[in-house]
Engineer: 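Starting off with a structure, shown below.
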Amino acid sequence: MPAKPNRSRFFPVEDFDLDGTLDSGQAFRWKKTARGWEGVIGRRWVCLNAVKGGLQAETARPNAHWAWLAEYLQIEAGGGRRLGSLGYRERMGRFPKDRALQGAVKACPGLRLLRQEPWECLASFILSSTKQIVQIRQIVDTLCERYGEPVPVPTGVEPWNAFPTARSLAKRTEGQLRSCKAGFRAPYLLRSAQLVAAGKPDLGRLSSRPLEEAREALMALPGVGRKIADCALLFSLGFRQVFPVDTWILRALRGLYFPGRNPSPDELRRFADSHFGPEAGFAQQFLFHAIRTGRLEAGVPKTTRRSGKPKGIQETRE
DNA sequence: AACCAGGACACAA
DNA sequence: TTGTGTCATGGT
């Protein structure tokens with residue numbers, strides 16, 4: 001069925017905000033250049049551009065099929081009809097109809113969830129703790145530069161490397177990883193790489209296991225707590241119901257859903273699990289991006305002490 | 001120039 | 001269980 005292998009391909013899709021999605025803190029390697037959004041997926045260099053009616057993709061080598069890219073972007077692979085938008089809107093239709101989330105959705109049209117390589121995603125988030133997104137990118141870039149395999153790029157494009165495999169990182173020393181500015185995360189990354197390289201756990205198989213088992217397996221890795229495990233589950237293993245609670249979301253939930261109160265992170269996780277439903281992770285990405293880009297005011301100063309009584313959330317009727 | 005960043009962990013109380 | 005200090009580095 002595939003046409004003859006080609007280096008470029010048009011994906012008809014509506015409601016895909018490429019800028020927002022590739023710069024929303026879920027993936028850390030995309031760079032906007034004069035050519036477009038450049039990045040590496042697996043061992044392939046890719047350049048993406050938003051064009052009328054969809055996305056235009058360019059690769060370095062001809063592709064017999066493009067399923068790998070459709071999978072990453074979470075859009076339909078088929079050509080011809082316009083696809084990808086239906087599922088998108090259907091999923092948003094499963095969101096709760098509260099004012100805060102609906103505001104975030106309206107503020108971030110076309111924001112999408114990607115499906116990344118599990119190891120790259122997990123390793124990136126191990127490096128994310130108490131780091132700003134720009135700094136995570138910097139560490140990841142350095143790791144790729146030093147320990148990733150070169151991938152083919154078109155002539156005239158700067159060299160790109162793949163994200164280093166777990167096996168590659170497992171061979172390094174803690175000092176080497178620290179010199180990539182990984183700081184206190186270096187031993188976590190090293191030991192996790194060694195375990196993953198040994199198949200403990202086999203990341204590729206986690207996506208077909210029950211959520212709790214997959215989460216438990218991830219949290220057994222050094223440097224992987226609840227939040228980082230949840231990011232890997234959501235962004236790379238297909239568990240769309242998982243709602244990672246980080247400092248941004250913590251403040252957002254408190255400000256938007258519990259004004260005047262100060263629930264614990266654990267309580268907020270329980271609230272999120274019961275409130276946001278089967279697309280909770282998708283909802284989280286809207287809240288996160290809306291708050292982080294200043295399009296939605298959480299308006300709550302950070303506090304460590306908790307007090308106050310619960311207030312009902314605001315509901316808007318359809 | 002302080003303050004804080006898409007946290008995890010060991011260790012109190 | 002829930003609360004603290006610590007970890008390394010750099011942006012704002």
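Only a predicted model underlies this, so the values are computations on that prediction, with no experimental measurement involved. FYI, side chains are in, hydrogens and waters are out, and symmetry mates aren't considered; it's all heavy atoms of this structure. Just so we're on the same page: letters track the sequence lines, and every chain starts at 1.
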Engineer: For the pair made of CD in A:Gln132 and P in B:dC3, what is the distance, rounded to whole Å?
Structural biologist: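 Taking CD of A:Gln132 and P of B:dC3, I get 16 Å after rounding.
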Engineer: For the pair made of CD1 in A:Ile133 and C1' in B:dG7, what is the distance, rounded to whole Å?
Structural biologist: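 Checked: the CD1 to C1' distance equals 14 Å.
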Engineer: Would you kindly give the CZ-to-P distance between A:Arg137 and C:dG10, to the nearest whole Å?
Structural biologist: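 In whole Å, C:dG10 P and A:Arg137 CZ are 17 Å from each other.
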Engineer: For DNA chain C, determine which residues of residues 182-192 of chain A have any heavy atom closer than 4.0 angstrom to one of its atoms, and list them numerically.
Structural biologist: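 Result for residues 182-192 of chain A: A:Gly183, A:Phe184, A:Arg185, sorted by number.
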Engineer: Distance-only check: which donor-acceptor pairs under 3.5 Å involve side-chain atoms of residues 217-232 of chain A, not counting sequence neighbours?
Structural biologist:
unit_1   : atom_1 : unit_2   : atom_2 : d
A:Arg226 : NE     : A:Asp230 : OD1    : 3.4
A:Arg226 : NE     : A:Asp230 : OD2    : 2.8
A:Asp230 : OD1    : A:Arg215 : NE     : 2.8
A:Asp230 : OD1    : A:Arg215 : NH2    : 3.1

Engineer: Among all residues two or more places apart in sequence or in another chain, which pass the ring-ring contact (aromatic ring centres under 6.0 Å, His included) test with A:Phe282?
Structural biologist: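 For A:Phe282 the ring-ring contact (aromatic ring centres under 6.0 Å, His included) partners, ignoring immediate neighbours, are A:Tyr88, A:Phe95, A:Phe286.
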Engineer: Residues in side chain to side chain donor-acceptor pair (under 3.5 Å) with A:Arg115, at least two apart?
Structural biologist: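 Side chain to side chain donor-acceptor pair (under 3.5 Å) list for A:Arg115, sorted by chain: empty.
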Engineer: Whole angstroms only, please: what is the CD-C1' distance between A:Glu267 and C:dT2?
Structural biologist: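 Checked: the CD to C1' distance equals 13 Å.
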Engineer: Taking ring-ring contact (aromatic ring centres under 6.0 Å, His included) as the definition, give me every residue that meets it alongside A:Phe235, ordered by chain and number, with sequence neighbours left out.
Structural biologist: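 A:Phe235: ring-ring contact (aromatic ring centres under 6.0 Å, His included) contacts with A:Phe125.
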Engineer: Could you pull out all residues at least two apart from A:Arg240 that satisfy salt bridge (charged side-chain N to carboxylate O under 4.0 Å, His left out)?
Structural biologist: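 With sequence neighbours excluded, A:Arg240 shows a salt bridge (charged side-chain N to carboxylate O under 4.0 Å, His left out) to A:Glu279, given in chain and number order.
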Engineer: Same hydrophobic cluster for A:Val157 and A:Phe163, using side-chain heavy-atom links shorter than 4.5 Å among ILVMFWY?
Structural biologist: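 Different clusters.
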Engineer: Taking atom P of C:dT2 as reference, at what distance in whole Å does atom CG of A:Asn262 sit?
Structural biologist: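 Rounded to whole Å, this separation is 14 Å.
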Engineer: Restricting to pairs with a member in residues 22-31 of chain A, which pass side-chain hydrogen bond (donor to acceptor under 3.5 Å, both in side chains), not counting sequence neighbours?
Structural biologist: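 Qualifying pairs: A:Asp23-A:Arg137, A:Ser24-A:Gln26, A:Ser24-A:Gln285, A:Trp30-A:Tyr72.
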Engineer: NA contact type, A:Ser124, heavy-atom cut-off 4.0 Å: base, sugar-phosphate, or nothing?
Structural biologist: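 No contact.
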Engineer: Under 4.0 Å from any atom of DNA chain C, heavy atoms only: list the residues of residues 174-181 of chain A that qualify, in numerical order.
Structural biologist: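 A:Arg178, A:Lys181 - these, ordered by number, are the residues of the stretch whose heavy atoms sit under 4.0 Å from the strand.
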Engineer: Per the salt bridge (Lys or Arg N to Asp or Glu O under 4.0 Å) rule, what does the pair list look like for residues 148-171 of chain A, sequence neighbours excluded?
Structural biologist: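 Sorted result for residues 148-171 of chain A: empty, none.
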Engineer: Whole angstroms only, please: what is the CD-C1' distance between A:Gln135 and B:dC4?
Structural biologist: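 Computing the A:Gln135:CD to B:dC4:C1' distance gives 10 Å.
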Engineer: Could you please name the option among C:dT9, B:dA5, C:dG11 that lies closest to any side-chain atom of A:Lys131?
Structural biologist: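 The answer is C:dT9, which lies nearest to the side chain.
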Engineer: Using atom P of each nucleotide, how far apart are C:dA8 and B:dA1 to the nearest Å?
Structural biologist: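 The same atom, P, in both gives a distance of 23 Å.
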Engineer: Measure from CH2 on A:Trp248 to P on B:dG7 and round the result to the nearest Å.
Structural biologist: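 Result: 11 Å.
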Engineer: Does A:Arg94 use its side chain to pair, donor to acceptor, with the backbone of A:Glu90 at less than 3.5 Å?
Structural biologist: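 It does not hold such a pair.
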Engineer: Look at the rings of A:Tyr188 and A:Phe184 and say which category their plane angle falls in: under 30° parallel, 30 to 60° tilted, over 60° perpendicular.
Structural biologist: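 Answer is perpendicular, since the angle exceeds 60°.
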Engineer: Round to the nearest Å and state the distance from A:Ile136 atom CD1 to C:dG10 atom P.
Structural biologist: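 Taking CD1 of A:Ile136 and P of C:dG10, I get 14 Å after rounding.
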Engineer: How would you list, by chain and number, every residue that makes a salt bridge (charged side-chain N to carboxylate O under 4.0 Å, His left out) with A:Arg61, sequence neighbours excluded?
Structural biologist: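 A:Arg61: no salt bridge (charged side-chain N to carboxylate O under 4.0 Å, His left out) contacts found.
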Engineer: Tell me which residues in residues 209-243 of chain A lie within less than 4.0 Å of DNA chain B, going by non-hydrogen atoms.
Structural biologist: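 Within this stretch, A:Leu221, A:Pro222, A:Gly223, A:Val224, A:Gly225, A:Arg226, A:Lys227, A:Ile228, A:Phe235 sit under 4.0 Å of the strand.
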Engineer: Going by salt bridge (charged side-chain N to carboxylate O under 4.0 Å, His left out), name the residues that satisfy it together with A:Glu213, two or more places apart in sequence or in a different chain.
Structural biologist: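 A:Arg209.
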Engineer: Would you say a side-chain N or O of A:Ser129 is under 4.0 Å from OP1 or OP2 of B:dA5?
Structural biologist: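 Result: no.
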Engineer: Would you mind telling me which residue lines up with the more 5' stretch of DNA chain C, A:Val134 or A:Thr130, judged by nearest nucleotide?
Structural biologist: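 Closest to the 5' end, via its nearest nucleotide, is A:Thr130.
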